[in-house]
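Pasting a structure here, questions to come.
Predicted, not measured: the structure shown is a model, and the values here were computed from it. All chains are named by letter (A, B, ...) in the order of the sequence lines, taking the proteins before the strands, and each is independently numbered beginning at 1.
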There are 2 protein chains.
Amino acid sequence: MSSPNRSSADTKDQILDAADEFFGTLGFAATSTRLIAERSGVNKALIHYHFGSKQQLFTNVLDRYYARLEETVRTHLGQGDNARERLLHLIDSYVDFLAENHLFSRMIQREILGGQHVERITQIMLPMFQLGRAVVQSTYPETKTGPLEASQLLVSIYGMVVASFSYAPVLEGLWGEDPLAPPALERRKAHLRAMAELVMQRLEH
Amino acid sequence: MSSPNRSSADTKDQILDAADEFFGTLGFAATSTRLIAERSGVNKALIHYHFGSKQQLFTNVLDRYYARLEETVRTHLGQGDNARERLLHLIDSYVDFLAENHLFSRMIQREILGGQHVERITQIMLPMFQLGRAVVQSTYPETKTGPLEASQLLVSIYGMVVASFSYAPVLEGLWGEDPLAPPALERRKAHLRAMAELVMQRLEH
DNA sequence: GTTGCATTTAACCGATCGCCTAAATCGATT
DNA sequence: AATCGATTTAGGCGATCGGTTAAATGCAAC
């Protein structure tokens with residue numbers, strides 16, 4: 001009664017997978033429920049039966065990612081001996097997460113730009129942002145004010161990290177190689193680590 | 001004969017202005033030609049009469065921005081005594097440009113993410129990217145290889161610059177103030193300048 | 001085997017989409 | 001005033017959209 005039978009869960013997962021693919025590559029507005037149904041090999045009406053509406057299907061796709069992200073952050077948050085190592089490790093693991101879920105960053109970016117789900121995204125990012133700012137400020141008091149204040153740093157670091165993923169389709173044309181392939185990812189991680197270390201060195205004088 | 005009469009040019013501009021607004025805020029797929037016609041106070045069929053299709057209207061909106069951007073870059077490119085000052089000035093003027101045309105950055109971002117106009121955007125950004133890489137590499141030979149190579153730096157700087165604009169709707173919720181208002185913009189510019197100087201100091205040893 | 005419930009299906013709904021057509025209107029030229 | 005091409009208009013085209021309906025099917029309990 002309370003536990004769903006297996007075929008139902010399978011169907012929902014297949015729908016979520018197809019929705020993930022198309023929402024991530026085409027965007028919400030450009031993706032039709034018929035396209036999702038066709039790709040997942042499922043009747044179109046099942047989407048509304050299982051998820052209610054296209055909007056609710058989208059939030060279900062997002063929620064699945066939030067769950068993965070939360071788990072990733074939780075397992076990687078405390079790793080590292082000092083604050084510096086913890087921050088570097090956090091950036092590294094976030095890059096890995098985006099690499100494994102690169103459609104997620106594109107989806108998030110688009111929705112931030114789009115306006116429809118801004119409140120929800122803000123609501124999710126606000127505590128993470130405040131936590132990050134508090135950690136940075138307590139570790140480096142200089143970031144409480146001035147040109148390197150924590151809020152600005154967080155936006156910059158986030159922008160740097162996300163850039164190579166959300167711009168992947170264009171970067172492939174600019175770089176002449178797949179930015180999401182392992183060698184390019186390793187070079188990107190090395191660069192981001194160097195940039196973070198540069199900032200930290202400056203903050204440590 | 002070759003010169004269009006004034007009313008035609010006015011109509012086209014009104015259509016372009018309305019298209020700009022909705023493409024910038026809602027995105028291409030979520031904007032209907034009827035909405036554009038309604039806002040610009042123009043008959044729906046005129047859009048296709050003057051621009052052929054919704055797609056071509058969109059590229060016309062983009063081209064108008066490219067013209068402004070090209071003019072801005074051209075007037076600001078040579079300013080500054082040395083390479084260091086020129087790069088700092090270029091970042092500053094690009095931030096100003098995005099501030100004055102913040103719908104443009106959102107449109108570009110979305111299309112980079114979207115996939116439909118990726119080839120066109122790549123085609124436009126490729127020469128700028130190659131030029132930027134050549135300038136950075138010749139100014140700082142260390143950027144020819146290693147973790148601070150020019151390609152990575154350009155992506156990072158671009159990501160930092162664009163972040164505060166494309167994330168503006170969310171940042172407003174995070175910061176508690178409008179990220180596009182003059183005081184926030186000045187603080188952002190000061191931060192970006194500090195970050196750029198940090199990198200340059202490192203490259204100059 | 002029959003009941004009862006969750007799941008799946010085909011067919012369809014009104015609304016809206018981008019786009020087109022034919023006729024009306026405008027405006028400069030003669 | 002008449003002409004003619006450029007511009008604008010109302011109306012409608014087929015296609016596709018998200019969503020709904022009622023009937024068919026699968027499946028476990030009795």
Inset, instruction - Please list, chain by chain and in numerical order, all residues satisfying ring-ring contact (aromatic ring centres under 6.0 Å, His included) with B:F51, sequence neighbours excluded. - result: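 Result, ring-ring contact (aromatic ring centres under 6.0 Å, His included) vs B:F51: none returned.
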
Inset, instruction - Quick one: list whatever passes ring-ring contact (aromatic ring centres under 6.0 Å, His included) with A:F97, sequence neighbours left out. - result: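 Per chain and number, A:F97 pairs via ring-ring contact (aromatic ring centres under 6.0 Å, His included) with A:F104.
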
Legend entry - Residue pairs involving residues 49-61 of chain A (criterion salt bridge (charged side-chain N to carboxylate O under 4.0 Å, His left out); sequence neighbours excluded):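 Qualifying pairs: none.
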
Inset, instruction - Please report, rounded to the nearest Å, how far the P atom of D:dC17 is from the CD1 atom of A:I36. - result: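 Computing the A:I36:CD1 to D:dC17:P distance gives 11 Å.
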
Legend entry - Which residues share a side chain to side chain contact (heavy atoms under 4.5 Å, CB included) with A:A163, sequence neighbours left out: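 Applying side chain to side chain contact (heavy atoms under 4.5 Å, CB included) to A:A163 gives A:Y167, B:V155.
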
Inset, instruction - Under the side chain to side chain donor-acceptor pair (under 3.5 Å) rule, collect the residues that match up with B:H48, sequence neighbours excluded. - result: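 For B:H48 there are no side chain to side chain donor-acceptor pair (under 3.5 Å) partners, ignoring immediate neighbours.
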
Inset, instruction - Using a cut-off of strictly less than 4.0 Å between a heavy atom of the residue and any atom of DNA chain C, enumerate the qualifying residues of residues 38-47 of chain B by number. - result: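 Contacts with DNA chain C under 4.0 Å: B:K44, B:A45.
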
Legend entry - Whole-Å distance separating the NE2 atom of B:H48 from the C1' atom of D:dT9: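 For the pair B:H48 NE2 and D:dT9 C1', the rounded distance is 15 Å.
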
Legend entry - Counterpart residues, side chain to side chain contact (heavy atoms under 4.5 Å, CB included), relative to A:A150 (two or more places apart):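 Scan of A:A150 (side chain to side chain contact (heavy atoms under 4.5 Å, CB included), adjacent residues dropped) gives A:R133, A:V136, A:Q137, A:T143.
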
Inset, instruction - State whether a side-chain donor-acceptor pair under 3.5 Å links B:N43 with B:Y49. - result: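 Looking only at side-chain atoms, B:Y49 and B:N43 do not form any donor-acceptor pair under 3.5 Å.
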
Inset, instruction - With sequence neighbours excluded, give me every salt bridge (charged side-chain N to carboxylate O under 4.0 Å, His left out) pair touching residues 31-41 of chain A. - result: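 Only A:E21-A:R39 qualify under salt bridge (charged side-chain N to carboxylate O under 4.0 Å, His left out).
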
Legend entry - Residue pairs involving residues 82-93 of chain A (criterion salt bridge (charged side-chain N to carboxylate O under 4.0 Å, His left out); sequence neighbours excluded):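 Output for this query lists A:R84-A:E204.
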
Inset, instruction - Could you tell me whether the phosphate oxygens of C:dA6, OP1 or OP2, come under 4.0 Å of any side-chain nitrogen or oxygen in A:H50? - result: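 No, outside the criterion.
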
Inset, instruction - Take atom OH of B:Y49 and atom C1' of C:dC26, then tell me their distance rounded to the nearest Å. - result: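 Between C1' of C:dC26 and OH of B:Y49: 12 Å.
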
Legend entry - Over 12 non-hydrogen atoms of neighbours within 6.0 angstrom of CD in A:Q79: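 Buried by this count: over 12 neighbours within 6.0 Å.
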
Legend entry - Atom-pair distance (CD1 on B:I15; C1' on C:dC19), nearest Å: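 Taking atom C1' of C:dC19 as the reference, CD1 of B:I15 is at 14 Å.
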
Legend entry - Any B:T11 side-chain nitrogen or oxygen under 4.0 Å from OP1 or OP2 of D:dT7: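 Looking at the OP1 and OP2 atoms of D:dT7, neither is under 4.0 Å from any side-chain N or O of B:T11.
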
Legend entry - Integer-rounded Å distance: C:dT8 C1' and A:Q14 CD: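 That distance rounds to 13 Å.
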
Legend entry - Residue-level proximity of residues 26-35 of chain B to DNA chain C when a heavy atom falls under 4.0 Å: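 Only B:T31, B:S32, B:T33, B:R34 qualify.
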
Could you list, one pair per line, each protein nitrogen or oxygen that sits under 3.5 Å from a nitrogen or oxygen of nucleotides 25-27 of chain D, together with the distance?
none

Inset, instruction - Determine which pairs satisfy salt bridge (charged side-chain N to carboxylate O under 4.0 Å, His left out) with at least one residue from residues 163-186 of chain A, sequence neighbours left out, and list them in order. - result: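 Listed by first then second residue: A:E177-A:R187, A:E186-A:K189.
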
Inset, instruction - Nearest whole angstrom, please: distance from the P of D:dT7 to the CG of B:D13. - result: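 These atoms are roughly 14 Å apart.
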
